[in-house]
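Taking it in order: structure first as structure tokens, then the write-up.
Small disclaimer: the values here were computed from a predicted structure and weren't measured.
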Amino acid sequence: MQAISLPIPFEDEPPVATASKVPAATAFFWIIKILTTGMGETTSDFLLHSKHRGVAEAAVGLALAAAVLVQILSRRYHAGRYWMVVILVAVFGTMVADVIDFRFHLSLVISTALFSALVAAVLMAWWKTEGTLSIHSIFSRRRESFYWATVLLTFILGTAAGDLTATTLHLGYLGSGFLFFAMILVPLVAYHFLGLSEVLCFWVAYILTRPLGASFADWMSEGHSRGGLGLGPAKVSLIWALPIIALVIWVGTRRNRELPTVETSAPKN
């Protein structure tokens, strides 16, 4: 299977040989990413409806902090380590969005707009500081910190946007899934046929994977009265987890890694 990638240089920079700690945006990257969003959605739903909700929130938060710390302190990209952080971000990001919705009663319109602004602010700060938003140039701790901050905010934003279309706009979970599937084709077409900015196309697609995967996972999980299949969050989480595990093991053991040594810019001090 031929890899489909979106290289995303932001501007011309002095090249040096190094290796990014983030996998290349191949077809397998996008498949695993979408699967983690669905698993994160239903796992969060399962934990938040348990008797020990507060303990679950704290445990996931601590696990995420520890995983991010290990990832940032490591010197090389490792598929299992990287995707473990993404899975925990998926669960924790969903929890944060749901807490904002149900505990603080902030409307989904406002929360979607708020986190859109926060994502834009972090990306702008990243660019102003580093001069690039390329995922192929993440080989310093500062760049990686910007990356994970952006990833977390995109998950929270995607959760709010998916709930907005499914509930507030009354599209339902399945309808929202098809909506975001159509929307994610836009940056793909814009990049390959219209020459739109590669970095913009990547991050737009990255944000849209969250409500795309979560909408279909919710459709599988929710009861028939809400237009779902009624499988329940625990079963759906397991269904989505199995291909994630298989794919991560496979890409992690491939002879040709997802991201070989590439030419990119040296990090700023």
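Judged by distance alone, the side chain of Trp126 and the main-chain N or O of Leu133 form no donor-acceptor pair under 3.5 Å. Remark: side-chain polar atoms of Thr36 are paired, donor with acceptor, to backbone N or O of Lys33 under 3.5 angstrom. Under a 3.5 Å cut-off, the side chain of His78 and the backbone N or O of Arg81 do form a donor-acceptor pair.
Nearest approach of Thr132 to Ser137, heavy atoms of both residues: CG2-OG, 3.5 Å. Closest heavy-atom contact between Ala79 and Val251: CB-CG2, 4.2 Å. Between Ala149 and Val122, the shortest heavy-atom distance links the atoms CB-CG1, 4.3 Å. Minimum interatomic distance between Pro23 and Ile135 (heavy atoms only, all atoms of both residues): O-CD1, 3.8 Å. Nearest approach of Ser111 to Ile100, heavy atoms of both residues: CB-CG2, 4.4 Å.
Val60 and Val70 are not part of a single hydrophobic cluster, where members link through side-chain heavy atoms under 4.5 Å apart. Cluster annotation: Val199 and Val189 are assigned to distinct hydrophobic clusters (Ile/Leu/Val/Met/Phe/Trp/Tyr, side-chain heavy-atom contacts under 4.5 Å, transitive). Residues Leu69 and Val151 are members of separate hydrophobic clusters, defined by side-chain heavy-atom contacts under 4.5 angstrom among Ile, Leu, Val, Met, Phe, Trp and Tyr. Note on Leu231: it clusters hydrophobically with Trp219, by side-chain heavy-atom contacts below 4.5 Å among ILVMFWY residues. The hydrophobic clustering, which links ILVMFWY residues whose side-chain heavy atoms are closer than 4.5 Å, places Leu47 and Val99 apart.
Shown here are the salt bridge (Lys or Arg N to Asp or Glu O under 4.0 Å) partners of Arg53, two or more places apart in sequence or in another chain: Glu57. The ring pair (Phe, Tyr, Trp, His ring centres under 6.0 Å) test applied to Phe181 returns no partner, not counting sequence neighbours.
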Intermediate values then yes/no, side-chain contact (heavy atoms from CB on, under 4.5 Å), Thr94 and Arg210: CA-CA 10 Å; Thr94 304; Arg210 175 60 183 82; 2.5 Å; yes
Audit row: Asp218, Asp45, side-chain contact (heavy atoms from CB on, under 4.5 Å) steps and yes/no: CA-CA 9 Å; Asp218 274 335; Asp45 288 345; 3.3 Å; yes
Derivation and outcome, side-chain contact (heavy atoms from CB on, under 4.5 Å), residues Val236 and Phe46: CA-CA 10 Å; Val236 174; Phe46 175 76; over 6 Å; no
side-chain contact (heavy atoms from CB on, under 4.5 Å) between Tyr77 and Ser20, intermediate numbers included: CA-CA 7 Å; Tyr77 163 73; Ser20 175; over 6 Å; no
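Annotation: side chain of Ile31 is in contact with side chain of Leu35 (closest heavy-atom distance under 4.5 Å). Under the 4.5 Å side-chain criterion, counting only non-hydrogen atoms from C-beta, Thr209 is not in contact with Thr154. Here the side chains of Ser44 and Asp98 are in contact, with some heavy-atom distance below 4.5 Å. Counting only heavy atoms from C-beta outward, the side chains of Leu188 and Phe193 never approach each other to under 4.5 Å.
Ile110 CD1 to Leu164 CG: the interatomic distance, rounded to the nearest 0.5 Å, is 11.5 Å. Between the NZ atom of Lys21 and the CZ atom of Arg141 there is a distance of 7.5 Å, given to the nearest 0.5 Å. To the nearest 0.5 Å, atoms OG1 (Thr150) and CG (Leu118) are separated by 11.0 Å. To the nearest 0.5 Å, atom CD1 of residue Ile34 and atom CG of residue Leu212 are 5.0 Å apart. The structure places OH of Tyr206 at 10.0 Å from OG1 of Thr37, a figure rounded to the nearest 0.5 Å. With rounding to the nearest 0.5 angstrom, the CE atom of Met220 is 11.5 Å from the CG atom of Leu174.
Taking the ring centroids of Phe146 and Trp127, they lie at or beyond the 6.0 Å cut-off. Two rings, from Trp240 and Phe216, have their centers 6.0 Å or more apart.
The aromatic rings of Trp250 and Phe28 lie tilted to each other, with the angle between the two planes from 30° to 60°. Taking the six-membered ring for Trp and thresholds of 30 and 60 degrees, Phe202 and Trp30 have ring planes inclined between 30 and 60 degrees apart. Ring geometry for Tyr82 versus Trp148: interplanar angle of 30 to 60°, hence tilted. Ring planes of Phe29 and Trp83: tilted class, angle from 30 to 60°.
Between the side chains of Thr42 and Ser237, at least one donor N or O lies within less than 3.5 Å of an accepting N or O. No side-chain donor-acceptor contact under 3.5 Å links Thr129 and Arg142.
With a 6.0 Å radius and a threshold of 12 heavy atoms from other residues, nucleotides or ligands, Met84 has its CE atom at or below the threshold.
Cation-pi geometry between Arg143 and Tyr147 is not met at under 6.0 angstrom from the ring centre and within 45 degrees of the axis.
Applying the side-chain hydrogen bond (donor to acceptor under 3.5 Å, both in side chains) test to residues at least two apart or on different chains, the pairs with a partner in residues 169-179 are Thr165-Ser176, Tyr173-Arg226.
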